[in-house]
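Reviewing the structure listed below.
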Amino acid sequence: MTVGHFIAGQWWPGRDDALSENPARPAEEIVRHALATDAEVDAAVEAADAALPAWIRTPAPARAAILRRAGERVAARAEELARLLTREEGKPLAEARGEVHRAALIFHYHAAQAWRATGEVYASSNPDEEIRTVRVPVGVVAAITPWNFPIAIPAWKIAPALVHGNTIVWKPASPTPAMAVELARELEAAGLPAGVLNLVLGSGRAGARLVSHKRVDAITFTGSGAVGRGIWNEATPRGVRVQLELGGHNAAIVYPDADLDRAVDQIVIGAMGATGQKCTATRRIVAVGGVHDALVERLTERVAALRVGDALDESVDVGPLVSAAARDEVADEVARAARDGVDIAAGGDVVELDGGYYLRPTLLTDVTPDMRIAQEEVFGPVTSVIPADDDDEAIAIANATRFGLSAAVFTRDERRIRRALLEIDAGIIHVNNATTGSEPHVPFGGMRESSSQGPHEQGETARDFFTELKTAYLVPGDAAP
């Protein structure tokens, strides 16, 4: 199948510019697709701009009805879409099913936001005057999304943007165009007017053109730190609103009083789920005091037992990485860590299977906080154990990176829990749970270099990014002097 862009309510002819492949069996093509030219990106922005006035005038409950229908359509195709997601991105089928259902839920949640109050009324010192606030859409939104959650992350950007009256140009990551096309088709079928959502398939060049376009009013981006900082530097001097989610190097602290069985279960889920290709994955395990040896022993056994293979196989625990380049980059970081003196307690080697992009799940020990592997995000099934002598050192190690997205603590001690909530520099903190996982009705975002400063994604705070707040002073015409 060859696919093209969706601009101004029309599917443009596909071109054989690039292809997506099954990372478990690279010889299997998923789709061939166009790469957007500058003219096509411009056409998408112009379509969004032209559609904006009518979409703003559309009552919010009518916008919500479209989102609900889209959510219903996605849910109805959940198994089909999950299998496509696994074939194109590589995550285990059970996780793909969860992601598709989550996307449907996100559309329903944000549809319900249409009935929220759009402002507040304030008292005035003038008896004939009323003061109120009014929320209005930001305008044309550029949504640039990653490949590791190819339907859930687009949903949590697109749904709130639409329900609050914005129009969108969406540029998905190039490894997963098929999932983007399917989601756009469901929104079209749900009744979205022409030009309200525009999809351009392309490389970083298309994203750069979109970011620099003078008619884009806001940009929401999830991806690498380097690209995110470039977007910030390009767009914010022009007054463009920018929202960035840029990754993490997340720590799980295991205290001596922890339920060790639960800690091991949740750390393995957090570190190895989705082949470790999550920004919230557990990259560092801080073992406090005497818990270190028993924790390493149990983790080594569990990680070594994980089954690697084609993620369509329900018995597989860890699927392929998304590409050969991604696998090689992670393998190179493991080899570098070994040269730096760490011990590879489990895994670390490339797995040869059907030409797929596999790396055996890897547990590293004898890691110190200053090592590169403890400082730089490695986007794959790799996690490191770092010893800490006491609680103070554990918190310091958790905070010893430039990131601040997610963290976990495993303890039965309420005082340690309270301290973690106050002192760990992370936007999301889990207690006796994996560092991964979030729900659509609560804010999602980090601290430090993990996120831009400003409204977080998801939950009610999503509205704060996708709307502007105006203050109106109202005096009736017959009361004016």
Nearest heavy-atom neighbours spanning [X] and [Y]:
X	Y	answer
S174	P177	O-CD, 3.1 Å
P320	G90	CD-O, 3.4 Å
A394	I253	O-CD1, 3.8 Å
L162	R63	O-CD, 3.3 Å
L199	H5	O-CB, 3.2 Å
P387	H292	CB-CD2, 3.9 Å

Going by an N to O cut-off under 4.0 Å, is there a salt bridge joining [X] and [Y]?
X	Y	answer
D425	R448	yes
D317	R307	no
R73	E188	no
R25	D354	no
R209	E40	no
E21	R87	no
D38	R205	yes
R77	E80	yes
E439	R102	no
E182	R185	yes

For [X], does the [atom1] atom have more than 12 heavy-atom neighbours from other residues, nucleotides or ligands under 6.0 Å away?
X	atom1	result
E423	CD	yes
E297	CD	no
E329	CD	no
E301	CD	no

Next item on the list: Begin from the C-alpha positions of V211 and I219 and carry the test side-chain contact (heavy atoms from CB on, under 4.5 Å) through to its verdict.
Entry: CA-CA 7 Å; V211 165; I219 302 165; 3.9 Å; yes
Beyond-backbone contact of [X] with [Y], side-chain heavy atoms, under 4.5 angstrom:
X	Y	result
V385	V286	no
L364	V342	yes
L197	T167	no
V316	D310	no
W232	L244	yes
E449	L246	no
V100	L85	yes
E457	Q243	yes

Can you tell me if [X] uses its side chain to pair, donor with acceptor, with the backbone of [Y] under 3.5 Å?
X	Y	answer
T383	L363	no
N166	F466	yes
N433	H430	no
T461	Q458	yes
N250	A407	no
T145	A143	no
R283	A374	no
T435	T282	yes
S224	V227	yes
D16	T2	no

Margin query: Tell me which one of L421, V409, D257 satisfies side-chain contact (heavy atoms from CB on, under 4.5 Å) with R416.
Written below: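 Exactly one pass, corresponding to D257.
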Next item on the list: Rounded to the nearest 0.5 Å, what's the gap from CZ on R463 to NE2 on H110? Could you check?
Entry: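 Reported value, rounded in 0.5 Å steps: 12.0 Å.
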Check: Looking at CG of L260 and CG of L299, how far apart are the two atoms once the value is rounded to the nearest 0.5 Å?
Finding: 8.0 Å
Check: Can you say whether the rings of W156 and F444 are parallel (under 30°), tilted (30 to 60°) or perpendicular (over 60°)?
Finding: tilted
Next item on the list: Under the side chain to side chain donor-acceptor pair (under 3.5 Å) rule, what do E88 and T176 come out as? Steps first, then yes or no, please.
Entry: CA-CA 6 Å; E88 189 172 50; T176 50; 4.9 Å; no
Next item on the list: Please lay out, stage by stage, how N432 and R262 fare under the test side-chain contact (heavy atoms from CB on, under 4.5 Å).
Entry: CA-CA 7 Å; N432 297 316; R262 180 170 182 85; 4.1 Å; yes
Next item on the list: Please assess E186 against R69 for the test salt bridge (Lys or Arg N to Asp or Glu O under 4.0 Å), listing each intermediate value before the final yes or no.
Entry: CA-CA 9 Å; E186 294 310 325; R69 287 195 293 270; over 6 Å; no
Next item on the list: Take R284 and E376, measure what salt bridge (Lys or Arg N to Asp or Glu O under 4.0 Å) needs, and give me the verdict at the end.
Entry: CA-CA 11 Å; R284 298 173 296 144; E376 300 297 329; over 6 Å; no
Note to self: Apply side-chain contact (heavy atoms from CB on, under 4.5 Å) to residues E72 and H108 and explain how you reach the verdict.
What the structure shows: CA-CA 8 Å; E72 290 164 358; H108 286 292; 3.8 Å; yes
Note to self: For D343 and V367: C-alpha separation, side-chain torsions, deciding distance, then whether side-chain contact (heavy atoms from CB on, under 4.5 Å) applies.
What the structure shows: CA-CA 8 Å; D343 179 62; V367 177; over 6 Å; no
Check: Mind checking what makes side chain to side chain donor-acceptor pair (under 3.5 Å) contact with E245, not counting sequence neighbours?
Finding: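 Here the qualifying residues are S451.
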Margin query: Could you check whether K91 makes a cation-pi contact with F149, meaning its NZ or CZ is under 6.0 Å from the centre of the six-membered ring and within 45° of the ring axis?
Written below: yes
Notebook entry, point to check: Does a side chain donor of either D413 or T411 reach within less than 3.5 Å of an acceptor in the other side chain?
Noted result: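 No, no side-chain donor-acceptor contact under 3.5 Å.
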Margin query: Quick one, K278 with E95, criterion salt bridge (Lys or Arg N to Asp or Glu O under 4.0 Å). Give me CA distance, side-chain angles, the key distance, then yes/no.
Written below: CA-CA 12 Å; K278 296 180 180 181; E95 293 193 56; 3.6 Å; yes
